[in-house]
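These notes concern the structure reproduced below.
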Amino acid sequence: MLDMRLIRENPELVKQGLANKFDTSDLDKIVNLDEKRREIIRQVEKLKGQRNKASAEIAQKKKAGESADDAIAAMRQVGQDIAALDNELREIDQELQTALSWLPNLPHDDVPVGKDESSNRFVREWGEKPQKDFEVLPHWEIGESLGILDLEAAARLSGSGFYFLKGLGARLERALYNYMLDMHIADGFLECSVPVMVTSETLFGTGQLPKLAEDMYKTERDDLYLIPTAEVSLTNVYRGEIIDHTMLPMYMVAYTPCFRREAGAAGKDTRGMIRVHQFTKVELVKIVRPEKSPEELESLLIQAEKVLQGLKLPYRVMVLATGDLSFASAKTYDLELYAAGVDRYLEISSVSTFDDFQARRMNCRFRDAEGKVRFPHTLNGSGLALARLIPAILENYQNADGSVTIPDVLRPYMGGADKIG
RNA sequence: GGAGAGGUGGCUGAGCGGUUGAAAGCGCUGGUCUCGAAAACCAGUGUGCCUUCGGGUACCCAGGGUUCGAAUCCCUGCCUCUCCGCCA
């Protein structure tokens with residue numbers, strides 16, 4: 001949620017930000033609703049002042065045993081006027097809140113302006129693409145031939161867009177998330193195990209609702225959504241609360257399944273486990289003091305990179321263009337992992353700062369050392385997505401004989417095994 | 001799922017439909033005292049909105065309703081607790 005005060009006082013700045021994000025919301029309408037809202041508040045509060053005064057007098061008279069019938073009769077009309085204005089105010093409030101809830105966050109000044117990913121800017125890269133003197137099979141082929149990935153079984157159970165790992169494949173997933181969790185915990189993140197079904201209020205808080213309703217699974221009977229990312233459960237942990245500044249910065253990490261309908265993605269990445277409806281992910285979330293958030297973003301990015309460096313997987317860092325940013329994000333770095341079998345870069349982590357956009361939607365605040373109540377900044381980053389990591393390992397660590405070498409750092413988690421196959 | 005009880009400030013906990021934004025206690029902050037600390041005493045201590053910056057107004061789980069007037073009465077929803085049932 002954007003600050004209404006900012007919109008009111010600096011509409012041109014907000015308009016520019018929205019334009020850079022290629023958002024077409026009618027900001028003038030919002031400014032007008034806001035003005036109308038304040039006008040009604042001025043009127044109704046004046047009447048309420050009268051009413052409160054009269055009520056006190058009525059109470060006094062009754063106490064003194066005098067008749068207050070005249071005063072009561074006189075206030076009857078005022079009471080009706082107040083009710084009418086309150087109704088009008090409620091409607092305008094609702095209209096204004098709805099309009100505000102559809103406004104995306106504003107991008108930072110240093111985010112490249114552009115309508116899609118072709119404007120994303122290269123930041124840095126790490127590692128060498130593996131040189132292979134044989135044809136590297138894509139992960140779905142090598143996975144099937146090693147007997148560790150059974151996409152047919154997954155389709156039998158759930159239809160297209162699911163994966164079924166077996167044996168050392170399932171073990172590899174477990175090794176990966178244990179490796180990642182251990183690393184993040186050692187670096188100060190609080191390990192959390194969280195609900196994967198949440199209410200619409202929770203999804204509103206992080207900005208998935210109202211805009212992304214079509215991209216999520218919903219349990220109609222109970223009105224709960226399956227989370228598309230653990231960001232939702234972690235970030236909302238103090239929704240509606242005022243926390244003490246000594247709790248900041250708060251670093252959290254959780255391993256969860258994630259659920260995405262991938263509506264509108266038909267035809268893209270139809271093979272293998274790169275784009276699926278259910279995948280697992282280790283997610284990192286930070287809640288921090290506003291003045292610290294730029295450096296917290298950089299260190300969060302480094303935290304995600306550390307996983308790939310440990311696994312010796314080559315990647316590049318991109319900063320997303322304004323048009324490629326998600327609804328709630330003010331600035332996002334993508335980590336793109338090179339996978340030799342499909343011969344392309346896969347988005348494996350998205351590291352974002354939301355400024356106070358999510359905190360406002362969640363109404364999550366903190367009391368600073370001076371006792372002042374303020375909105376914190378929230379950030380998150382994948383650390384990392386397993387359904388992209390496993391294909392990259394199966395492809396980049398593939399050997400000519402059809403086996404796959406297990407990265408050094410995972411071997412302790414794999415019962416000492418050094419290769420699959 | 002069935003039966004019952006209940007949701008009040010950071011916490012505990014009062015609160016006949018009418019000076020109740022809300023007693024009291026605890027906690028916290030500042031002060032006095034002290035070489036310093038503890039104790040004691042004194043003072044302060046919620047959030048949002050509107051504002052002509054004097055103030056005004058709203059909020060006692062949430063949303064409706066009754067009333068001149070609601071923390072207090074009524075309805076709906078959510079949540080918590082106890083007992084039973086079911087169950088990993």
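Letters go in sequence order (proteins before strands), and every chain restarts at 1. Here the structure is a predicted model, which is why all the values come from computation and not from measurement.
The closest side-chain donor-acceptor pair between A:Gln278 and A:Tyr217, if any, does not fall under 3.5 angstrom.
B:U34 is unpaired under the criterion used here, namely a Watson-Crick or G-U wobble arrangement in which both key atom distances are under 3.5 Å. The pairing partner recorded for B:C73 is B:G65, the criterion being a Watson-Crick or G-U wobble arrangement whose two distances lie under 3.5 angstrom. B:U82 is paired with B:A3 under the Watson-Crick or G-U wobble criterion, all donor-acceptor distances under 3.5 Å. Base pairing of B:G44: its partner is B:C28, meeting the Watson-Crick or G-U wobble criterion (both donor-acceptor distances under 3.5 Å). Judged by Watson-Crick or G-U wobble contacts below 3.5 Å, the nucleotide B:G9 has no partner. In this entry B:G21 has no Watson-Crick or G-U wobble partner, no candidate having both defining distances under 3.5 Å. Nucleotide B:C53: unpaired (no Watson-Crick or G-U wobble partner with both distances less than 3.5 Å). For B:C16, there is no paired nucleotide, since no Watson-Crick or G-U wobble pair has both relevant distances below 3.5 Å.
In this structure, the CD1 atom of A:Ile40 is 19 Å from the P atom of B:U57, given to the nearest Å. For the pair A:Lys61 NZ and B:U19 C1', the computed distance is 16 Å after rounding to whole Å. Taking atom CD on A:Glu241 and atom P on B:G9, their separation rounds to 11 Å, with Å as the unit. One atom, NZ of A:Lys53, and another, C1' of B:G55, lie 12 Å apart when rounded to the nearest Å. If you take CZ of A:Arg5 and C1' of B:G48, they are 10 Å apart, rounded to a whole angstrom. Rounded to a whole Å, the CE atom of A:Met4 is 13 Å from the C1' atom of B:C49. Atom-to-atom, CG of A:Leu85 to P of B:C49 comes out at 21 Å; the value is rounded to the nearest Å.
Heavy atoms of A:Arg8 sit under 4.0 angstrom from primed sugar atoms or phosphate atoms, though from no base atom.
Taking the O4'-C1'-N9-C4 or O4'-C1'-N1-C2 dihedral as appropriate, B:G54 has a value within 90° of 0 and is therefore syn.
Using a 4.0 Å cutoff on non-hydrogen atoms, no part of residues 96-105 of chain A comes near RNA chain B.
A perpendicular orientation is assigned to the rings of A:His184 and A:Phe189, their planes being inclined by more than 60° (bins at 30° and 60°).
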Within the sub-3.5 Å range, which N or O atoms of nucleotides 44-47 of chain B have a protein N or O partner, and how far apart are they?
unit_1	atom_1	unit_2	atom_2	d
B:U47	OP1	A:Arg367	NH1	2.9
B:U47	O3'	A:Arg365	NH1	3.1
B:U47	O2'	A:Arg365	NH1	3.4

Quick tally for nucleotides 58-73 of chain B: nucleotides whose base has a protein heavy atom under 4.0 Å get B, sugar-phosphate-only ones S, the rest -, giving S-----S---BS----
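A salt bridge links A:Asp356 to A:Arg360: at least one charged side-chain nitrogen sits closer than 4.0 Å to a carboxylate oxygen.
Note on A:Arg38: every side-chain N or O is 4.0 Å or more away from OP1 and OP2 of B:C49.
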